[in-house]
Amino acid sequence: MDKLKDVARRYRDRTGTARRLSALEAEVQECRQINLRLAELTDVVMELLVPLSERDEARVAEALQRYHDSVSDPEQ
């Protein structure tokens, strides 16, 4: 009987580990998406800083438009 309980416990541990692994993988993917978005925003800031320092309004407007086009609108 104890042997059967040990087998059942090991099985539960494996399924719990699989669930935890799936949750961790989802969190890692979310972090990757956030990091990618942060990198994109950093690029936009850099694209804006140079034209602003040179007073190039056309390049500023172009950079802002590219950023706006790349951002998806929230679902309504």
Side-chain angles (χ1 to χ4, degrees):
M1 189 63 144
D2 288 331
K3 191 173 187 177
L4 184 59
K5 287 181 182 179
D6 288 341
V7 169
R9 187 179 317 117
R10 280 191 299 234
Y11 179 75
R12 278 194 310 267
D13 289 346
R14 286 185 185 146
T15 57
T17 301
R19 277 194 308 263
R20 289 193 321 258
L21 181 60
S22 293
L24 288 172
E25 287 173 339
E27 288 180 23
V28 167
Q29 184 60 33
E30 182 182 358
C31 287
R32 286 179 178 160
Q33 291 172 342
I34 290 169
N35 285 337
L36 178 61
R37 194 67 189 142
L38 180 60
E40 290 171 349
L41 287 172
T42 302
D43 289 345
V44 169
V45 168
M46 290 305 298
E47 287 181 38
L48 288 173
L49 287 178
V50 172
L52 282 175
S53 67
E54 297 172 354
R55 307 276 193 250
D56 189 346
E57 296 298 325
R59 283 178 57 198
V60 170
E62 179 185 337
L64 286 173
Q65 186 61 44
R66 277 196 318 267
Y67 172 71
H68 179 68
D69 292 344
S70 73
V71 175
S72 61
D73 291 331
E75 294 182 23
Q76 297 178 16

Rounding to 0.5 Å, atoms CZ (R19) and CG (L24) come to a distance of 13.0 Å
Determine whether more than 12 heavy atoms belonging to other residues, nucleotides or ligands lie under 6.0 Å from atom CD of Q29. yes
Can you list everything that forms a side-chain hydrogen bond (donor to acceptor under 3.5 Å, both in side chains) with Q65? Sequence neighbours excluded, please. D69
Taking it one step at a time, do E40 and R37 satisfy salt bridge (charged side-chain N to carboxylate O under 4.0 Å, His left out)? CA-CA 5 Å; E40 290 171 349; R37 194 67 189 142; 2.3 Å; yes
